[in-house]
Structure formats: C-alpha cells, structure tokens
Amino acid sequence: MSRARVRGLWFAGTLVVSLLLMLIPLPAPIQPLKPYWPALFLLYWSLESSDRVTLGLAFCVGVGADIFDGVLLGEQALRLTALVFIALRFRSRLRFFPMWQQTLAVLGLLMNDRVLLFLVRVLGGEPMPPAAYWLSPFVGAAFWPFVFLILDDLRARLRIHEA
Amino acid sequence: MALNRDGSSPLFSPSVAGTLRLIVYMALACVLMVLDHRNGWMSRLRYGGSAIIEPVYRLASLPSDAFRTASVAFADRKLLTEANQRLRENLLLANAKLNRMASVAEQNERLKELLDTQHSLGITVQLARLIDVDLGAYRHRVTLNLGARDGVSVGQVVIDARGVMGQVIEVMPTTSTAMLITDPNHAVPVTIERTGLRTVAYGAQGGDALSLPNIPVSADVRVGDKLVTSGLGGRFPPGFPVGEITESGQTESGMFLAAKAKPAADVARSDDVLLLHDLAEPVGPPPAASVAGPPAALASPVDAPAAPATTRTPARTTAPARASTSGGAQ
C-alpha cells in the first residue's frame with residue numbers, strides 16, 4: 001500500500017516538476033530552444049504506465065499549465081490532450097521501437113504539437129512567429145532519450161528501494 | 001504523422017469511445033479558449049489562485065537567482081576590479097552630469113513658474129524588481145514583485161533609467177504583469193523630438209524593436225531622431241524617452257513613411273524598474289459622460305447602461321492609446 005502511494009507521489013511529483021521546468025526562465029538567446037517539458041513527461045508516463053495517464057489527466061495538466069503560464073486558458077489543455085491521445089493510440093508500437101526510432105516519433109509528436117499551437121495562435125490573431133519558433137521540437141526530441149532513461153532509472157531504483 | 005501510415009495496431013484497435021472522449025475534451029478546450037478570449041477568465045482565475053501561483057513563480061525563479069548569486073560569488077577578482085573601476089568612472093561622470101542637471105532643472109523650474117504651468121516636475125515612483133518568470137515565449141511581458149497590496153493598479157507606466165518600458169496590464173495581490181512597449185499588441189503615442197511630429201509607435205513583429213508604420217510622406221524623419229512620449233491618450237505622461245529611429249523608408253504603397261526604432265529602455269534586461277504613480281492627465285475628449293438632456297432621475301432605463309460603458313475596462317484593452325491617438329497621427 002505504502003509502495004503504491006510512493007509511486008503515486010513520484011508520478012505526481014514528476015508532473016509538477018515538468019510544470020516548474022516550463023516556467024524556469026532562460027537567457028534570451030536560448031529561450032526559443034526550451035523544450036516543452038510537460039509534453040515530454042506526459043509522453044514518458046503514457047508509454048510507461050498507460051493506466052494512470054488518461055485524456056482527462058492530460059486535460060487537467062494542460063489547464064494547470066495554462067493557469068501558470070497565463071497565456072490563454074485551454075490552449076495547452078488542447079495540445080496535451082491531442083498529444084496524449086496519439087501517444088496512447090500508438091503506445092504498443094512506440095514502446096517497442098528502438099531508441100532512435102522512438103526519438104523520431106517524439107519529434108513528430110512535438111512538431112504536431114507546435115503546428116496545433118501555431119493554429120491556435122494564428123486563429124487568435126497573433127502575429128506569425130519567427131523561424132526559431134520551430135526549433136523547440138528538435139531540442140525536445142534531442143532531450144527525449146535522456147528524459148526517458150533518467151526517469152526509467154529513477155523509477156526502477158524507487159521500486160527496488162520499496163521492495 | 002509518420003506513424004499513421006500502416007493503419008491501426010492489432011493490439012490496440014481504435015475504440016470509438018477513445019475518439020469520442022478526445023473530441024469531447026478538445027471541444028471543451030476550445031470552449032475554454034473562446035470564453036477566455038472573450039471574457040478574460042484567465043485573469044480572474046489567476047487572481048483567485050494567486051496563493052498557489054505566486055509561490056510557484058518564486059520557486060521557478062530560484063535557479064536563475066541562484067545562478068546569478070553564484071556568478072557573483074565566484075566572479076573573477078580581476079573582473080570585479082575592472083567593474084569597480086568602470087563603475088567609479090561612471091559615478092564620477094554621472095555626478096558631474098547631475099550637478100549640471102541640477103542647475104538646468106532649477107532654471108527650468110523658474111521658466112515653468114514664469115509660464116505658470118500647473119505640471120510639476122516631481123514624479124512619485126515606486127521601485128519594483130522583475131521576477132524572472134517566463135510568461136510564454138514571444139510575448140513581451142514581465143512579472144514585477146509588486147501587486148495590488150503595494151498599491152499597483154492596471155495602467156501604471158513602467159520606466160527604467162533610460163526610458164519607457166511598458167505598462168501594467170494585470171495585477172495580482174503581490175505580483176503584477178507588465179506589457180513591454182516592444183509587444184506587437186502595444187502602441188504608445190510619441191513625438192519626434194527634433195521636429196515635433198506626432199505619431200504612434202507600435203511593437204515590431206518579432207524582435208525587440210518599435211515600428212512606426214504611418215508617418216506622412218512629407219514628414220522629415222531621419223535616422224537618429226529621438227522619440228519621446230507625447231502624452232496624448234492620457235496613459236503615458238509626456239516627455240519620457242521612448243526610442244531612437246534606426247531606419248526609415250517609404251512603405252510599399254508609397255502612402256506613408258515607415259520607420260523602425262530601437263527602444264531607449266533596456267527592455268531585455270532583468271533588473272530594477274520604476275512604476276510611475278501619477279498617471280498622465282487625461283487628454284482629449286472629457287471622460288465625464290455628458291449630462292445633457294433631462295435629469296438622470298427622469299432618464300429611461302434604456303439609457304442607464306450607457307454611462308458605465310465609458311469607463312475604462314482594463315481586462316483586455318492592452319493598447320488603449322491606439323484608438324484615441326491614431327486620428328491625430330494622420
């Protein structure tokens with residue numbers, strides 16, 4: 001019972017950390033390169049424990065991220081729901097991909113997410129984003145193997161410690 | 001999606017229920033977005049949740065604060081000496097300038113008294129610090145460490161040592177958000193100092209610059225001209241430096257001159273800023289709703305809602321100066 005609780009806390013903790021990572025300010029030159037952390041963390045969890053990640057959870061995380069970000073309520077909720085839906089639909093295949101193929105898939109997912117954001121912004125009357133806007137998915141995909149391995153390793157350690 | 005090409009997975013047949021749920025959630029998100037866009041729910045929600053949001057902001061800005069502290073703690077001795085030397089020189093220079101300024105200000109005061117102007121030179125300001133929180137990329141906004149409890153209100157002008165930075169657009173109990181003048185949604189009425197030409201400076205699309213898209217073709221605008229606030233529109237007090245023209249040329253249609261300007265304030269720097277307390281005196285049409293006609297007691301209920309509509313609604317009006325001054329710029 002306690003073990004399950006620790007794992008639940010760990011699950012919630014990583015999601016909170018991903019929101020914090022999203023808010024951390026970076027120096028202006030590397031600002032556009034900041035990966036979309038909540039998406040990476042949610043992707044990891046939807047691949048690793050799909051019973052906990054549902055569309056409703058993705059929606060709630062998205063609304064939370066929106067409230068912290070203060071841009072437009074519902075924008076990230078829409079993006080994360082779409083992302084998690086695709087990830088859950090192809091979960092069985094994504095899980096057994098070798099790492100490089102998985103990384104490419106993540107790149108595709110993040111790119112799709114950027115396109116969604118772009119559509120929302122343009123429909124909302126925002127100006128066209130600069131070219132650097134499209135760089136973030138590549139950085140996110142480059143971070144993916146590390147995020148995946150580190151989270152996996154930490155999860156395994158936690159399980160051993162508890163057992 | 002590259003993964004879509006070979007149809008559905010045999011392990012996970014696409015269930016109708018899943019797709020239906022997706023559609024429901026996406027529709028919900030869209031409804032939220034539209035409602036927020038129209039009614040400004042976000043600011044109300046953020047105000048309510050400020051007890052949670054503000055500590056998170058402080059937490060998120062810890063790494064960069066720590067980095068700054070560390071860079072000071074481990075700074076090179078030589079660098080520090082150099083910086084010290086430079087600062088000393090700057091201080092001397094500034095003091096010299098200040099002394100001269102004092103006499104100029106005194107003279108100015110005398111002249112103003114002669115002219116019997118009711119404006120005073122003294123401005124009340126409040127020092128605020130930027131909290132380093134990134135509110136969405138490509139949005140030129142900053143978070144300040146003062147809020148409603150410190151007497152900050154929406155519409156206050158934010159300046160730094162060199163010029164106008166922006167204005168407060170959202171106030172929470174202990175923090176507030178300001179929109180910078182480089183934001184594409186922001187407009188500030190300006191005067192070209194050399195010629196006295198009035199125009200409007202918008203935030204440029206992409207990049208930390210200002211754009212002045214509608215200057216009359218016959219106007220005399222040169223690179224290096226200084227822009228100062230004109231005080232029209234009643235939001236920015238007159239006479240604060242805004243920027244300096246970096247390029248100008250005809251628009252494609254040939255109807256106007258378009259110019260680009262570099263902001264005078266260091267908008268990209270995260271440091272201390274000043275919040276102006278006394279707002280500019282409202283210029284232009286008098287705000288008081290005309291009480292012409294029959295007395296208010298006799299007014300029909302249809303007329304009654306018209307009066308509140310003239311008060312300023314700060315929720316989403318990010319560039320209130322635009323409407324009232326664009327006419328004057330033509």
Side-chain angles (χ1 to χ4, degrees), chain A residues 16 19-28 31-32 34 54-56 58-59 62-63 66-82 84-86 88-94 97 104-105 107-109 111-112 120-121 123-133 136, chain B residues 1-4 6 8-12 14-15 18-19 21-22 24-26 28-37 40-43 45-46 49 52-53 56-57 59-64 67 131-139 141 143 170 177 184-185 203-208 268 270:
Chain A
V16 170
L19 292 185
L20 270 181
L21 279 174
M22 179 188 78
L23 281 176
I24 284 182
L26 295 176
Q31 186 65 60
K34 182 153 73 172
T54 58
L55 291 184
F59 187 84
V63 169
D66 277 324
I67 289 176
F68 282 131
D69 207 27
V71 178
L72 182 65
L73 195 66
E75 173 199 287
Q76 299 196 47
L78 176 83
R79 289 160 61 194
L80 287 178
T81 314
V84 164
F85 176 77
I86 301 172
L88 287 180
R89 175 64 59 91
F90 296 101
R91 172 171 181 265
S92 53
R93 231 168 304 165
L94 286 172
F97 273 164
L104 281 185
L107 174 66
L109 282 169
M111 217 35 154
N112 180 44
V120 170
R121 291 268 162 97
L123 285 178
E126 295 271 319
M128 290 287 271
Y133 172 84
S136 161
Chain B
M1 288 270 22
L3 297 167
N4 256 336
D6 48 357
S8 57
S9 149
L11 284 176
F12 267 84
S15 60
T19 318
R21 236 179 303 152
L22 173 77
V24 167
Y25 278 123
M26 283 192 138
L28 199 59
C30 289
V31 167
L32 270 184
M33 275 192 276
V34 170
L35 284 179
D36 179 40
H37 201 73
W41 279 15
M42 178 68 96
S43 53
L45 239 167
R46 276 164 67 85
I52 306 167
I53 292 172
V56 170
Y57 277 2
L59 202 63
S61 70
L62 274 185
S64 77
F67 185 77
I131 309 179
D132 245 353
V133 166
D134 164 32
L135 291 177
Y138 313 114
R139 289 188 170 236
R141 278 164 206 204
T143 309
E170 187 190 344
T177 307
N185 287 326
Q205 311 253 318
D208 292 333
S270 55

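Chain letters run A, B, ... following the sequence lines, proteins first and then strands; every chain starts at 1.
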- Evaluation steps, side chain to side chain contact (heavy atoms under 4.5 Å, CB included), between B:Y25 and A:L80: CA-CA 10 Å; B:Y25 278 123; A:L80 287 178; over 6 Å; no
- Message: Nearest 0.5 Å, please: how far is CE in B:M33 from CD in A:Q76?
- Response: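 Taking CD in A:Q76 and CE in B:M33, the distance rounds to 11.0 Å.
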- Item | Spatial distance of atom CG (B:L22) from atom CZ (A:F59) [nearest 0.5 Å] |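 One finds 11.5 Å between CG of B:L22 and CZ of A:F59.
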- Minimum heavy-atom distance between B:Y57 and A:F68, given as atom pair plus value: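 Minimum heavy-atom contact is OH-O, 2.6 Å.
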- Residue pair B:A60 / A:I24: nearest heavy atoms and the distance that separates them: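 What the structure gives for the nearest pair is O-CG1, 3.5 Å.
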- Message: Counting C-beta onward and ignoring hydrogens, is there a side-chain heavy-atom pair between B:T19 and A:R89 closer than 4.5 Å?
- Response: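 Result yes, sub-4.5 Å side-chain heavy-atom pair found.
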- Task: Go through the atoms of A:A82 and report whether side chain, backbone, both or neither lie under 4.5 Å from a heavy atom of chain B.
- Result: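 Answer is both: backbone and side chain atoms of A:A82 are under 4.5 Å from chain B.
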- Message: Taking side chain as everything from C-beta outward and backbone as N, CA, C, O, which of these in A:V120 sits under 4.5 Å from a heavy atom of chain B? Side chain, backbone, both or neither.
- Response: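 Contact with chain B is through the side chain of A:V120 alone.
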- Item | Partner chain B: residue of A:L73, A:V63, A:D66, A:L78 with the largest heavy-atom pair count (under 4.5 Å) |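 The residue among A:L73, A:V63, A:D66, A:L78 with the greatest pair count is A:L73.
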- Under the side-chain contact (heavy atoms from CB on, under 4.5 Å) test, which residues partner B:S64, sequence neighbours left out?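 Per chain and number, B:S64 pairs via side-chain contact (heavy atoms from CB on, under 4.5 Å) with A:P25, B:R68, B:D132.
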- Query: For B:L59, what residues pass the side-chain contact (heavy atoms from CB on, under 4.5 Å) criterion, not counting sequence neighbours?
  - Reply: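 So B:L59 forms a side-chain contact (heavy atoms from CB on, under 4.5 Å) with A:L20, B:L62.
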